[in-house]
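Encoded as structure tokens, the structure appears first; notes follow it.
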Amino acid sequence: MTEQIGFQPLPPWQRTDYCGTLRPSDAGRRVALWGWVNARRDHGGLVFIDLRDREGVVQIVFNPERSAKAHELARSVRTEYFIAVKGEVVLRAPNTVNPALPTGEVEVMAEALEVLNTSLPPPFPIGEEQQITEEVRLRYRYLDLRRPRLQRNLRLRHAIARATRAYFDELGFVEVETPILWRPTPEGARDYLVPSRVNPGRFYALPQSPQLLKQILMVAGFDRYYQIAKCFRDEDLRANRQPEFTQIDVEMTCPTPEQIMAVIEGLLARIYRDTLGISIKQPFERLTYDEAMERFGTDKPDMRFGLELRNITSAFAGTEFNVIKRIVSEGGQVYGLRLPAQYQLVRRELDELVTQTQSRFGLGLSWAKLAERDWQGPVAKHLGAYERAKCVEALDLEAGDTLLFVAGPQSVARSALGEVRLSLGHKFSLCSNDSLCFLWVVDFPLFEYSEEEKRLVSVNHPFTAPKPEDLPLLESDPLAVRALSYDVVLNGEELGGGSIRIHNSELQLKIFELLGLPREEALKKFGFLIEALSYGAPPHGGIALGLDRIAMLICGTESLRDVIAFPKTQKAVDLMSGAPAEVDPSQLKELALKLV
Ligand code: ASP
């Protein structure tokens with residue numbers, strides 16, 4: 001019976017080497033290998049099999065003179081069969097050396113072959129880099145993962161985790177696992193809920209982050225905590241989001257923001273050194289949130305290039321340019337940027353930028369070219385001598401430069417021009433992937449006003465401490481209160497963020513109140529935190545970095561799905577297993593749940 005099925009649970013022999021590691025210095029050795037058939041070429045007299053394992057591919061030669069039996073069997077194998085081979089490593093004849101393969105100077109003359117499993121014809125070739133639709137790749141993820149690129153990515157990811165653990169261990173941090181079944185923590189997303197069978201009608205939430213648990217670990221005396229932590233957020237997935245992701249989560253007792261930033265700079269330096277052998281410059285540059293917004297129109301500026309924004313409102317104080325005049329009279333601001341003469345945009349490209357800005361921000365983008373003698377472009381005629389002179393002065397405009405500007409409410413105008421800046425940076429290839437511009441953005445506002453909810457909301461999360469000098473403004477001007485917070489940004493991508501926390505129960509209740517959560521309710525939801533803070537909680541603070549995003553940057557890929565073994569689609573589906581799945585009505589009954 002088993003004979004018929006061809007089931008062999010144990011290997012016929014142990015491996016001596018990985019296929020991909022054989023080199024000329026191995027010539028003359030007898031080796032035992034196993035792996036997948038990458039390709040097979042039957043030249044009648046000789047059969048060639050490229051055998052692949054996680055380290056790479058080596059050529060196996062089946063010559064009937066070495067083993068008639070192995071040669072005969074080799075003729076019947078197909079791609080992706082899993083086979084075991086024994087043979088002798090020999091040097092290839094000079095004219096058959098394959099310089100494209102690291103093992104290309106040798107081959108293995110087979111003396112024995114066992115087929116350990118057959119394979120259906122794979123839906124895509126594993127050994128070649130080919131454009132395959134992502135749907136097919138995710139459906140057959142195990143085959144996709146066999147491909148060298150994903151093998152490399154996941155091993156780099158492993159190296160990141162290893163460097164992280166070694167680094168924190170050396171600094172005296174303790175890794176503590178926190179629960180996956182827990183209660184909601186407000187980090188600004190929807191929770192994944194898990195019904196409790198033994199407590200009908202009650203639910204756990206999967207943690208959006210271990211925020212409160214790590215704070216409580218500080219109350220508990222762990223002093224320096226880290227965790228490579230799974231986090232879950234039920235958000236409408238944008239292109240590059242996953243419903244579950246991994247954070248490098250950190251918390252310290254009595255830190256200053258500077259100390260936390262130094263710890264994280266050291267971590268990133270270690271990760272880049274251990275994975276890519278690159279050394280990164282420390283300390284990173286620091287910008288306040290206000291400065292970042294003012295100069296770059298974003299809280300995560302890409303500092304690989306200049307093209308900085310300038311507030312040029314004063315140039316338009318007496319303007320006859322009606323649209324701008326109206327906006328300025330309503331309290332709006334004008335932001336401009338200088339595109340130096342060496343970067344020229346044609347009319348169509350400028351029109352595209354104008355359309356983009358209009359559709360994304362509802363604001364008009366204006367431009368004018370400073371030609372040798374005169375100004376050109378559709379708005380040039382609206383710019384009087386005073387405006388022109390002031391713009392030239394504010395932006396150091398020279399002949400051939402293009403002036404681009406946006407007017408509107410300050411925050412929108414800045415963001416809109418910030419986007420234009422980024423588009424220009426990409427268009428003129430100013431964002432080289434070889435440069436690493438790390439940056440800290442600090443002093444975010446504590447609150448912002450949500451038009452939707454008609455109340456203050458936390459910019460970070462409600463546990464973030466205000467700057468002590470801004471405490472007096474909490475009641476009178478909460479939007480002016482800055483937070484003891486910091487985000488780390490690399491080349492325009494946020495890698496992570498954190499803050500010093502509130503460790504005083506009264507202040508925490510006050511903040512909840514300002515966020516529209518009255519004392520009673522706050523105690524109901526966060527009583528455990530308030531209580532914990534009331535037992536000698538030390539000052540504490542921390543940060544979390546997105547491990548997936550770091551892995552993406554280290555691997556040089558644009559997609560999170562390239563650095564996660566089993567990722568989900570934009571509809572939060574695992575195409576391989578079909579999760580999420582329907583459940584048995586009896587399971588629902590047990591959980592006291594009814595589908596509507
Ligand atoms: N819990 C925060 C987050 O997940 C990070 C932090 O404040 O440490 O974004």
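From a predicted model like this one, the values you see are computed outputs, not experimental measurements.
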Q. Counting only N and O atoms by type, is there a donor-acceptor contact under 3.5 Å from the side chain of Gln247 to the main-chain atoms of Ser209?
A. no
Q) Got a sec: does the CG of Asp584 have more than 12 other heavy atoms crowding it under 6.0 Å? A) yes
Q: May I have the step-by-step check of side-chain contact (heavy atoms from CB on, under 4.5 Å) for Tyr225 and Thr253, ending in yes or no?
A: CA-CA 9 Å; Tyr225 144 97; Thr253 291; over 6 Å; no
Q.
What I want to find out is whether Arg162 reaches Asp274 closely enough, with some N-O distance under 4.0 Å, to be called a salt bridge.
A. no
Q: Check whether any side-chain N or O of His71 sits under 3.5 Å from a backbone N or O of Arg66 as a donor-acceptor pair, and report yes or no.
A: no
Q. Is the side chain of Tyr486 donor-acceptor paired with the backbone N or O of Ser499 at a distance under 3.5 Å, no angle test?
A. yes
(Q) In the structure I gave you, are the side-chain heavy atoms of Leu73 and Ile83 within less than 4.5 Å of one another anywhere? (A) no
Q. Relative to the ring of Phe284, is the ring of Phe438 parallel (under 30°), tilted (30 to 60°) or perpendicular (over 60°)?
A. parallel
Q.
Tell me if a side-chain donor or acceptor on Arg233 pairs with a main-chain N or O of Gln208 at a distance below 3.5 Å.
A. yes
Q | Min side-chain heavy-atom separation Tyr343-Leu424 under 4.5 Å | A | no
Q: Return yes if some donor-acceptor pair links the side-chain N/O of Gln259 with the main-chain N/O of Thr256 below 3.5 Å, else return no.
A: yes
**Q.** Residue of the set Lys86, Arg30, Lys69 for which salt bridge (Lys or Arg N to Asp or Glu O under 4.0 Å) holds with Glu111
**A.** Arg30
Q.
Looking at Thr118, is its backbone amide N or carbonyl O close enough to the side chain of Arg78 to form a donor-acceptor pair, meaning the two atoms are under 3.5 Å apart?
A. no
Q.
Assess whether a salt bridge exists between Arg149 and Asp562, defined as any Lys/Arg side-chain N lying under 4.0 Å from an Asp/Glu carboxylate O.
A. yes
**Q.** Test item: Thr178 and Pro207 side chains (from C-beta on) under 4.5 Å apart, heavy atoms
**A.** no
(Q) Could you check whether Glu265 and Trp440, counting side-chain N and O atoms only, form a donor-acceptor pair closer than 3.5 Å? (A) yes
Q: Assess whether side-chain contact (heavy atoms from CB on, under 4.5 Å) is satisfied between Val250 and Leu267, documenting all intermediate values.
A: CA-CA 11 Å; Val250 180; Leu267 171 68; 5.8 Å; no
Q) Could Glu494 and Lys300 be called an ion pair, given the rule that one side-chain N must be under 4.0 Å from one carboxylate O? A) no
Q) Are any of the side-chain heavy atoms of Phe245 and Arg549 separated by less than 4.5 Å? A) no
Q | Plane angle bin for Tyr140 and Tyr142 - parallel if under 30°, tilted between 30 and 60°, otherwise perpendicular | A | perpendicular
Q: Could you tell me whether Arg92 atom CZ has more than 12 heavy atoms of other residues or ligands within 6.0 Å of it?
A: yes
Q.
With a 3.5 Å distance limit and no angle check, can you tell me whether Asn63 reaches the backbone of Glu65 through a side-chain donor-acceptor pair?
A. yes
Q.
Within the 4.5 Å heavy-atom criterion, are Leu22 and Val108 side-chain neighbours or not?
A. yes
Q: Taking atom CZ of Arg23 as the centre, report whether more than 12 heavy atoms of other residues, nucleotides or ligands fall under 6.0 Å from it.
A: yes
**Q.** Check ion pair Arg165-Asp169 (N to O, under 4.0 angstrom)
**A.** no
(Q) Does Glu582, at its CD atom, have more than 12 non-hydrogen atoms belonging to other residues, nucleotides or ligands within less than 6.0 Å? (A) no
Q. Is any side-chain N of the basic residue among Arg41 and Asp50 closer than 4.0 Å to the acidic one's carboxylate O?
A. yes
Q. Is there a side-chain contact between Arg501 and His461 (heavy atoms, below 4.5 Å)?
A. yes
Q) If only atom types and distance count, is the side chain of Arg40 paired as donor or acceptor with the main-chain N or O of Val77 below 3.5 Å? A) yes
Q: For the pair Ile280 and Ile278, evaluate side-chain contact (heavy atoms from CB on, under 4.5 Å) and give the outcome as yes or no after the intermediate values.
A: CA-CA 6 Å; Ile280 61 182; Ile278 290 177; 4.1 Å; yes
Q: State whether the side chain of Glu244 and the backbone N or O of Phe232 hold a donor-acceptor pair below 3.5 Å, judged by distance alone.
A: no
Q | Polar side-chain atom of Asp548 near backbone of Val563 as donor-acceptor pair, under 3.5 Å | A | no
